[in-house]
Amino acid sequence: MRITDLMIQETMIMDLQATTKDEAIDELIASLNKSGRINDPVLFKEMIYKREAESSTGIGGGIAMPHAKTSAVNEPTVVFAKSRNGLDFAALDDEPAHIFFMIAAPEGAGNTHLRTLAALSRLLIDSDFIAQLMSTNTPAEVSALFDAKQEEAAKKEAAKEKAKAEKAAKAASEASSAPQQTPGVIVGNENSEDFVVAVTACPTGIAHTFMAEDALKKKAQEMGINIRVETNGSEGAQNVLTADEIARAKGVIVAADKNVEMARFDGKPVLQRPVSDGIRKSEELIRKAVNGDAPIYRSQGGSNVKEDGASASKMSVGSKIYKDLMNGISHMLPFVVGGGILLAISFLIEQLAGEDNPLFQLLQTIGGGTGAFHFLIPVLAGFIAMSIGDRPALMPGMVGGLMAVNSNAGFLGGLAAGFLAGYVVIGLRKLFKGLPKAIDGLKPILLYPVFGLLIVGAISYYVFDPIFGSLNTWLVDALGNIGTGNAVLLGLLLGGMMSIDMGGPFNKAAYTFAIGVFTSSGNTDGAWMAAVMAGGMVPPLAIALASTFFKSKFTEQERKSGLTNYVLGLSFITEGAIPFAAADPLRVLTSCIIGSAVAGGLTQLWSINVPAPHGGIFVAALANHALLFLLAVAIGAVISGLILGLWKKSPTVVK
């Protein structure tokens, strides 16, 4: 498949009018939407910004490649655009972007499409080719240039494959009959003894992965250094490094923005950098890898640590705690949603058919205290611990979480046990560092599990469980006896927090608090879940209402996108409002926080309970006052929609 099969001329923009990054993204998405290549502009934009939040796709050299892989895409497409004056796209080199490639890939993109997108990414490393692109004036010229370049690349690849086949045939004729593992293609100077290996990976695996691969190969050739590069793209790992290659390498480069298999690099100097560094700092990475100027990786720790045990990470303490907590919550949520909704349905069946109904008892068993909900706190604690201390910390963390459940220490005790287990394993790793290397293999299967469990179990039993058990009992009693006025204030706070960052730390803190009370109170009436769910439903509904009734304040594309927020809001998917908040944070966030706070407060004023942790309107019937719950959401959404509609400025018309 040719690149121009994806880069269709009707979507090209030869004179991009945007002057900001947000405007450029909107203009590119509008072209995709107009051509029918995407089916949900709001979802696609959300995924574009989600990728931008991980690292800027302004790769430098005047190029930006915003991209997303999502079900919102009908057909794989690349939108080419040129900006005469350039604009600030938060590029890695801080230079303005002039050439844009917006890549839209469907979730089920075939291997042929993915390989074509990879080929496009590799072409953009060639500065001469970029200069030629800058001189084009029509879509036809752009297509012709890409066709010629791809044909040239195909001829070079064919010649390379022919030479490789001839070399392999010669080697096979000289080799012994014993089977041997065939190494991958090594780029560089065959006579050089300097050899490094690398792995490149980005979250979507359709652009930066392959650009980093080509940049590292190109720079290695210039430096006369041999290199082998493994790519972890959308098709999975390609050109996988062999054990022999890793053993021979002087150093390892991992230029990745997602997890890759690291245990195989145990004992090697490993540079762990963002994939963008593989593109723009390839020479620095190769030089450091060749010189062994990198921390020694120890797979048992699950992190890049130096021989003295000092962490190579530059992450702040707050960011590290948040990352560890989110790892626990993300693994806990499937249990919360699956078990919680089944449990809520069981309550509905109980009201209709009584507690002796077999279906009620079945759903209670599956979703309740002996089923999914029994695992919430152990899973939370276990995966917090694993995020800190890797696999050896998982078991002590889960057991500590289970002890918290059984001792009534609950959610708070589980949190403490998770963090304790993670850092206990890190401490054990340092403690056992001086043991003979002959027993290294016993550490993860004997020493860490036994001593980790003993220490975490003892501290949980004698310290955490009594303290947090008493605290948890006090909290539950206090919340159970809270007056109406204080309940409304707490409802206002929880509802408003759901809109502060729409899926970020504040949102997760409110939701986690509600889940903690939900699972620790001895019942599942869901008073605080009502406040959190109502607050989370308001932002997308407010966007939908504002774009419907204040049409002149929104572009045509925003009005179309706003319609999908009706569905997202009713489904309790707060993230549907993120693209609008990103484009106009002050007005959107302020208006949504106000409406969400009102909705959360009303649920407590009217004593509403929602016995389900997710589902939005689809579980509203399970609330004790279903109509009042919907009314609270509606009032909050209308307030936010009115504030946003009246406050928002009319869009600038770009001619």
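Residue indices begin at 1 and follow the sequence shown. Computation of the quantities below employed the complete heavy-atom set of this structure, encompassing side-chain atoms and omitting hydrogens, waters and symmetry-equivalent molecules.
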All salt bridge (Lys or Arg N to Asp or Glu O under 4.0 Å) counterparts of Glu261, not counting sequence neighbours:
none
Residues that Lys250 engages under salt bridge (Lys or Arg N to Asp or Glu O under 4.0 Å), provided they are two or more places apart:
Asp194
So [Y] and [X], do their side chains get closer than 4.5 Å, heavy atoms only?
| X | Y | answer |
| --- | --- | --- |
| Val425 | Asp390 | no |
| Val270 | Val254 | yes |
| Thr20 | Leu87 | no |
| Lys268 | Ile296 | no |
| Val229 | Thr200 | yes |
| Asn137 | Met14 | no |
| Met398 | Met395 | no |
| Met12 | Met7 | yes |

Are side-chain N/O atoms of Tyr49 and Asp22 paired as donor and acceptor at under 3.5 Å?
yes
Should Val78 and Ile3 be marked as a side-chain contact (heavy atoms from CB on, under 4.5 Å) after you check the CA-CA gap, both sets of side-chain angles, and the distance that decides it?
CA-CA 9 Å; Val78 178; Ile3 292 174; 6.0 Å; no
Quick one: side chain to side chain contact (heavy atoms under 4.5 Å, CB included) partners of [X], sequence neighbours excluded?
| X | result |
| --- | --- |
| Ala90 | Lys21, Ser56 |
| Ala140 | Gln9, Thr138 |
| Ala385 | Ala393, Ala421 |

Residue pair [X] / [Y]: nearest heavy atoms and the distance that separates them:
| X | Y | answer |
| --- | --- | --- |
| Ser35 | Thr11 | OG-CG2, 3.5 Å |
| Ile279 | Ala215 | O-CB, 3.7 Å |
| Pro106 | Val73 | CB-O, 3.6 Å |
| Leu6 | Pro76 | CD2-O, 3.5 Å |
| Ala81 | Leu28 | CB-CD2, 3.6 Å |
| Ala18 | Ala24 | CB-N, 3.2 Å |

Atom pair [atom1] ([X]) and [atom2] ([Y]), whose distance is rounded to the nearest 0.5 Å:
| X | Y | atom1 | atom2 | value |
| --- | --- | --- | --- | --- |
| Leu216 | Met223 | CG | CE | 10.5 Å |
| Thr57 | Ile63 | OG1 | CD1 | 11.5 Å |
| Ile227 | Leu285 | CD1 | CG | 9.0 Å |
| Met211 | Thr209 | CE | OG1 | 11.0 Å |
| Lys69 | Ile103 | NZ | CD1 | 12.0 Å |
| Phe80 | Ile13 | CZ | CD1 | 10.5 Å |

Determine yes or no for a side-chain-to-main-chain donor-acceptor pair under 3.5 angstrom, with [X] supplying the side chain and [Y] the backbone.
| X | Y | result |
| --- | --- | --- |
| Asp277 | Arg273 | no |
| Asp40 | Val42 | yes |
| Arg287 | Asp293 | no |
| Glu230 | Leu241 | yes |
| Thr77 | Glu75 | yes |
| His67 | Met102 | no |
| Arg37 | Val79 | no |
| Lys82 | Met134 | yes |

Lys/Arg-Asp/Glu bridge criterion (N-O < 4.0 Å) met for [X], [Y]:
| X | Y | value |
| --- | --- | --- |
| Glu245 | Arg248 | no |
| Arg51 | Glu46 | no |
| Lys217 | Glu213 | yes |
| Lys45 | Glu52 | no |

Could you tell me which residues satisfy side-chain hydrogen bond (donor to acceptor under 3.5 Å, both in side chains) with [X], sequence neighbours excluded, listed by chain and number?
| X | answer |
| --- | --- |
| Ser387 | Lys323, Asp324 |
| Thr19 | Glu23 |
| Asp15 | Gln17 |
| Glu95 | none |

By ring-ring contact (aromatic ring centres under 6.0 Å, His included) - contacts of Phe100 (at least two apart)
Phe89
Carefully, step by step, assess Ile225 and Phe195 under the rule side-chain contact (heavy atoms from CB on, under 4.5 Å).
CA-CA 6 Å; Ile225 293 171; Phe195 176 55; over 6 Å; no
Would Val196 and Val252 count as a side-chain contact (heavy atoms from CB on, under 4.5 Å) here? Give the steps.
CA-CA 6 Å; Val196 298; Val252 180; over 6 Å; no
Heavy-atom count check: over 12 atoms from other residues, nucleotides or ligands less than 6.0 Å from Glu284 CD?
yes
In short, ring-ring contact (aromatic ring centres under 6.0 Å, His included) pairs touching residues 119-141 with sequence neighbours left out are Phe129-Phe146
For residues 134-149, pull every pair meeting salt bridge (charged side-chain N to carboxylate O under 4.0 Å, His left out), keeping only residues two or more places apart or in separate chains.
Arg2-Asp147, Asp126-Lys149
Should Lys218 and Gln221 be marked as a side-chain contact (heavy atoms from CB on, under 4.5 Å) after you check the CA-CA gap, both sets of side-chain angles, and the distance that decides it?
CA-CA 5 Å; Lys218 183 177 180 181; Gln221 280 190 316; 5.5 Å; no
